[in-house]
Amino acid sequence: MSGPIDCVAAVTYRCNSRCVMCDIWKSDARQERELKPADYRWLPKSLRSINVSGGEPFLRDDIVEIVEVMRERCPKARIVISTNGLQPDRIVAAVERMPEVAIRVSIDGVGEAHDAVRGIPGAYDRAMETVERLRDIGVADLGLAATATDTNVGDVTRVRDRTKELGLKFSVTAAHSSPIFFGDHAVERPHSAESVGEMVAIMREHLRSWRPLDWAKAYYVRGLIEYIRGRPRRLPCRAGTDFFFLDPWGDVYPCNIGGTLIGNIREGSFEEIRRRSWNRVREKVDACEVQCWMVCTVGPPMKRRPLKPMMWMLGAKLLGLDTDVDR
């Protein structure tokens with residue numbers, strides 16, 4: 001087994017949003033249980049991508065110190081912090097001390113549509129203030145991240161349009177359920193023909209680009225279309241092998257969807273705790289029927305086994321194959 005290349009590290013479950021598609025804000029968020037910055041020296045050096053998540057990561061007073069340890073331990077990893085953007089002053093002050101991090105601000109609609117999803121009046125204005133101020137201090141890798149739900153159909157493309165106006169990066173995912181992370185949100189999962197149509201429009205826009213990275217994004221969105229339709233994922237799952245999820249208290253899982261515990265960082269290195277539990281964990285991963293499709297679990301197999309995605313990208317870009325998606 002080779003080392004993992006991607007992980008999501010939830011550094012806290014404290015959260016100041018009340019999102020309709022996530023129950024993290026309802027969870028046990030006791031601060032005294034959270035890992036200390038030095039604990040993140042446990043991370044495998046093989047990592048090439050670390051998504052610092054939560055809860056809301058910027059609620060941690062020591063977020064800068066955590067990122068410094070991650071950078072020291074995994075110098076080749078791209079570090080992305082996902083934030084709701086509700087605390088502009090706090091976020092900008094921290095990011096000024098972390099100039100090399102990427103920032104993704106969650107935006108699920110424009111104006112009141114976003115506020116409704118996040119459950120916080122004025123959330124959109126505060127998040128966009130954060131975005132503008134991060135642009136002003138020169139954050140190069142800055143983008144908006146939208147989550148498609150059953151209730152914000154049409155708003156995802158509005159967020160994409162706003163992203164284009166601002167010259168930022170754009171990413172999209174869809175609501176998922178998870179016993180260890182989001183909670184049960186099957187009712188929020190998009191499923192309509194209109195949701196599919198919105199994803200088709202985003203996919204085709206990516207394909208109009210001449211940047212291979214955009215073609216890879218198109219492949220990811222094509223998989224989202226299958227997820228919305230309840231169909232099998234387009235790539236085999238490599239959770240627990242190429243990717244893992246680390247919770248705020250040191251528990252390690254194959255991913256942030258399934259609930260199979262690999263172990264805790266206090267029990268040894270990643271390889272040690274995986275070796276002790278691997279037969280049981282791999283069996284659970286292989287039997288998983290969730291068919292999730294998220295950047296964190298799709299990215300690693302695309303990187304490690306790129307032939308199938310590359311063939312789709314070339315066929316879709318040059319010949320228009322698999323792009324006339326019926327609704």
Q) Between Y219 and H206, is the gap from one ring center to the other below 6.0 Å? A) no

Q.
Any carboxylate oxygen within less than 4.0 angstrom of a Lys/Arg side-chain nitrogen, looking at R78 and D141?
A. yes

Q) Quick check: does any side chain N or O of R266 sit under 3.5 Å from a backbone N or O of G250, one acting as donor and the other as acceptor? A) no

Q: Answer yes or no: is there an ion pair linking R18 with D23, defined by an N-O contact shorter than 4.0 Å?
A: no

Q.
Closer than 3.5 angstrom, by distance alone: can the side chain of T130 be matched with the main-chain N or O of G85 as a donor-acceptor pair?
A. yes

Q.
My understanding is that only one of I50, I66, V101 makes a side-chain contact (heavy atoms from CB on, under 4.5 Å) with R71; could you say which?
A. V101

Q) Do the side-chain N and O atoms of T149 and D108 include a donor-acceptor pair separated by under 3.5 angstrom? A) no

Q: Assess whether atom CD of E283 is packed by more than 12 heavy atoms of other residues, nucleotides or ligands within 6.0 Å.
A: no

Q.
Run the side chain to side chain contact (heavy atoms under 4.5 Å, CB included) test on T260 and V285 for me, step by step, so that the C-alpha distance in whole Å, both residues' side-chain angles and the decisive distance to 0.1 Å come before the verdict.
A. CA-CA 8 Å; T260 304; V285 171; 6.0 Å; no

Q) Below 4.0 angstrom, N of the basic side chain to O of the carboxylate: do D61 and R90 qualify? A) yes

Q. Backbone N or O of R73 within a donor-acceptor pair of the Y40 side chain at under 3.5 Å?
A. no

(Q) Quick check against the 3.5 Å criterion: does D115 have a side-chain atom that pairs as donor or acceptor with the backbone of G122? (A) yes

Q. Using 4.0 Å as the upper bound for N to carboxylate O, is an ion pair formed by E129 and R126?
A. no

Q) Is the shortest distance from a Lys or Arg side-chain nitrogen in E72 or K45 to a carboxylate oxygen in the other one below 4.0 Å? A) no

**Q.** Over 12 non-hydrogen atoms of neighbours within 6.0 angstrom of CD in E112
**A.** no

Q.
Between V11 and F58, does the side chain to side chain contact (heavy atoms under 4.5 Å, CB included) criterion hold? Intermediate values first, please.
A. CA-CA 9 Å; V11 297; F58 287 101; over 6 Å; no

Q. Quick one: do D62 and K36 make a salt bridge, cutoff under 4.0 Å?
A. no

(Q) Set out, in order, the CA-CA distance, both residues' side-chain angles and the distance that settles side chain to side chain contact (heavy atoms under 4.5 Å, CB included) for C292 and T297, then state yes or no. (A) CA-CA 8 Å; C292 68; T297 51; 4.0 Å; yes

Q: List for me each residue that meets salt bridge (Lys or Arg N to Asp or Glu O under 4.0 Å) alongside D247, sequence neighbours excluded, and say none if there are none.
A: none

Q) Under 6.0 Å from the CD atom of E100, do we count more than 12 heavy atoms belonging to anything else shown? A) no

**Q.** Verdict with reasoning, F245 to F181, per ring pair (Phe, Tyr, Trp, His ring centres under 6.0 Å)
**A.** CA-CA 10 Å; F245 170 66; F181 200 50; 5.0 Å; yes

Q: Check whether any side-chain N or O of R304 sits under 3.5 Å from a backbone N or O of G299 as a donor-acceptor pair, and report yes or no.
A: no

Q. Taking R222 for the side chain and D322 for the main chain, is one N or O donor matched with an acceptor at less than 3.5 Å?
A. yes

Q. Side chain of W215, backbone of S209: donor and acceptor closer than 3.5 Å?
A. yes

Q.
For a quick check under 3.5 Å, do S17 and N84 share a side-chain donor-acceptor pair by atom type?
A. yes

Q | Backbone N/O of W293 and side chain of H176: donor-acceptor pair under 3.5 Å | A | yes

Q. Among E165, E198, E205, which residue meets the side-chain hydrogen bond (donor to acceptor under 3.5 Å, both in side chains) test with R160?
A. E205

Q) If you measure from the Lys or Arg side-chain nitrogens to the Asp or Glu carboxylate oxygens, is any gap between R189 and D150 under 4.0 Å? A) no

Q. Would you call E34 and R14 a salt bridge, using N to O less than 4.0 angstrom?
A. yes

Q: May I ask you to decide whether D155 forms a salt bridge with R158, counting only side-chain N to carboxylate O separations under 4.0 Å?
A: yes

Q) Is the Lys NZ or Arg CZ of R275 less than 6.0 Å from the centre of F270's six-membered ring, within 45° of the axis? A) no

**Q.** R97 vs V67, side chain to side chain contact (heavy atoms under 4.5 Å, CB included): CA-CA, chis, key distance, verdict
**A.** CA-CA 10 Å; R97 299 170 58 196; V67 170; over 6 Å; no

(Q) Using a 6.0 Å cut-off, check whether atom NZ of K284 has over 12 heavy atoms from anything other than its own residue. (A) no

Q) Would you say the side chains of T83 and E56 form a donor-acceptor pair under 3.5 Å? A) yes

Q. Counting only heavy atoms not in R276, do more than 12 fall under 6.0 Å of its CZ?
A. yes

Q) Under a 4.5 Å side-chain heavy-atom rule over Ile, Leu, Val, Met, Phe, Trp and Tyr, are M313 and V295 clustered together? A) yes

Q.
Who clusters with M311? Use side-chain heavy atoms, under 4.5 angstrom, across I, L, V, M, F, W and Y, and order the result by chain and number.
A. L307

(Q) With a sphere of 6.0 Å drawn around CE of M98, does it hold more than 12 non-hydrogen atoms of other residues, nucleotides or ligands? (A) yes

**Q.** Short N-O contact, D6 and R48, less than 4.0 angstrom
**A.** no

Q) Is a side-chain N or O of S277 found less than 3.5 angstrom from the main chain of I262, in a donor-acceptor match? A) yes

Q) When rounded to the nearest 0.5 angstrom, what is the spacing between NZ in K76 and CG in L47? A) 12.5 Å

Q. Between R233 (side chain) and Y227 (backbone), is there a donor-acceptor pair under 3.5 Å?
A. no

Q. Does Y13 have its ring centroid less than 6.0 Å away from the ring centroid of W249?
A. yes

Q: Report yes or no: is the cationic atom of K317 (NZ for Lys, CZ for Arg) under 6.0 Å from the centre of the six-membered ring of W210, at an angle within 45° of the ring normal?
A: yes

